[in-house]
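Letters go in sequence order (proteins before strands), and every chain restarts at 1. Just so it is clear, the values below take in all heavy atoms, side chains as well, and ignore hydrogens, waters and symmetry mates.
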Protein chains: 2
Amino acid sequence: MPGSRRLPSRPELDVWRDFIETTEALRTRIGGRLLHDTGLSTGDYTVLLALSEAPGRRVRSSELAAGIGWERSRLSHHLARMERRDLITREGHTTDSRGAVVVLAPAGAAAFQAATVPHLRAVRELFVDALTPAQLTAAGEIAAALREHLRLP
Amino acid sequence: MPGSRRLPSRPELDVWRDFIETTEALRTRIGGRLLHDTGLSTGDYTVLLALSEAPGRRVRSSELAAGIGWERSRLSHHLARMERRDLITREGHTTDSRGAVVVLAPAGAAAFQAATVPHLRAVRELFVDALTPAQLTAAGEIAAALREHLRLP
DNA sequence: CTCCTATGATTGACACGTCAACCACAGGGG
DNA sequence: CCCCTGTGGTTGACGTGTCAATCATAGGAG
């Protein structure tokens, strides 16, 4: 069909650019605030959140990667940096000697604890408060539609 | 007022996470496609687009940075990489000897020319086609509201 | 038991972004 | 004319992300 080769119209392209630039700016703004206020990057926060919710505050590396939707390589690099800062430690898996287990370190737990309220407050201030309830709902639906279209889990 | 310290509710937080993760995935998907299909990153594309629209296909560096909303440092690093690949060249400014002028090189013009249709097609397929017309409109309004709230230009 | 393949995880190379430091010059006071 | 402050631009250090290569081991076919 000819429609399959159609290019976006001017207004469609404007929405695209505005949408992608604004979400990018929002991400960097909230990430910057988190880093500035707490010393944690959003990556750190994501990892620490997953760890702090895990039973025993320990998770197998591959499960952690799957849980937060990261590639193993990315996680491995990030964990190396976090280990250097004593936020986490790594242990070998007891039964599967290929496996690595990530353990939440005391400093990591403390940093996460201290970061959560400021971060949630920033999310409310910069995202939730910017939108009307209807817009918030629409944002959820748009995300769902995009996600579906991208065939994301 | 007490409301100023309120944290996001569960559903609000779910929307936030879904929204931010999905837009991130969308960006990397479209960026990855562009890079794979044309050898240009989204940063390259942004710079080349601005350059190809400029009179004489040349722009003063600081104006380019302002035009695409980048920090000067970021642009400087990126231009260095693009110059290495012969996509652009840099010349001194004629009257203000502090200034640098970025010039679109033939290879850059050709690469941009070749990239534009595939990229716009990807935008249509992965973004425009994923949304109903009403959702597209809503996306524009959400972006505008967020942008306003962030006090972006 | 012995291969053979698949999986878990790490590493190296490189692109990208931010921050802070830096250098050079423009554009005025004095 | 000389200094002094502000602006344009680059650089270095470092955190981050992707890709491809690598390595060790698990787990099953034979």
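- Residue Ala100(B) is the one, among Thr42(A) and Ala100(B), whose nearest nucleotide of DNA chain D lies closer to the 5' end (criterion: closest heavy atom).
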Short N/O separations, protein against nucleotides 21-25 of chain D, under 3.5 angstrom:
| from | atom 1 | to | atom 2 | distance (Å) |
| --- | --- | --- | --- | --- |
| dT25(D) | O3' | Ser97(A) | OG | 3.4 |

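- Using a 3.5 Å distance cut-off with no hydrogens or angles, the side chains of Arg81(A) and His78(A) do pair a donor with an acceptor.
- In 5' to 3' order, the nucleotides of DNA chain C bounding all contacts with chain A (an atom under 4.0 Å from a heavy atom) are dT7(C) to dA13(C).
- Using a 4.0 Å heavy-atom criterion, one finds that Arg90(B) contacts the sugar-phosphate atoms exclusively.
- Results of the side-chain contact (heavy atoms from CB on, under 4.5 Å) test with Ile142(B) over Thr132(A), Leu131(A), Leu136(A) single out Leu131(A) as the only residue that passes.
- Results of the side-chain contact (heavy atoms from CB on, under 4.5 Å) test with Met82(B) over Leu40(B), Leu48(B), Leu51(B), Val102(B) single out Leu48(B) as the only residue that passes.
- For the pair Glu24(A) and Ser62(A), nearest-nucleotide mapping onto DNA chain C gives the more 5' position to Ser62(A).
- Taking atom CG of residue Leu64(B) and atom P of nucleotide dG8(D), one finds them 14 Å apart after rounding to whole Å.
- Heavy atoms of Ser61(B) sit under 4.0 angstrom from primed sugar atoms or phosphate atoms, though from no base atom.
- Aromatic ring pairs are classed by plane angle as parallel below 30°, tilted from 30° to 60° and perpendicular above 60°; the pair Phe19(B) and Phe19(A) is perpendicular.
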Quick one: which protein N/O atoms are closer than 3.5 Å to N/O atoms of nucleotides 12-15 of chain D? Pair and distance per line, please.
| from | atom 1 | to | atom 2 | distance (Å) |
| --- | --- | --- | --- | --- |
| dG12(D) | O6 | His77(B) | NE2 | 2.7 |

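- Here dT16(D) presents its P atom at 13 Å from CD1 of Ile68(A), a figure rounded to the nearest Å.
- Across all their heavy atoms, Ser52(B) and Phe112(B) have their closest contact at OG-CE2, 3.3 Å.
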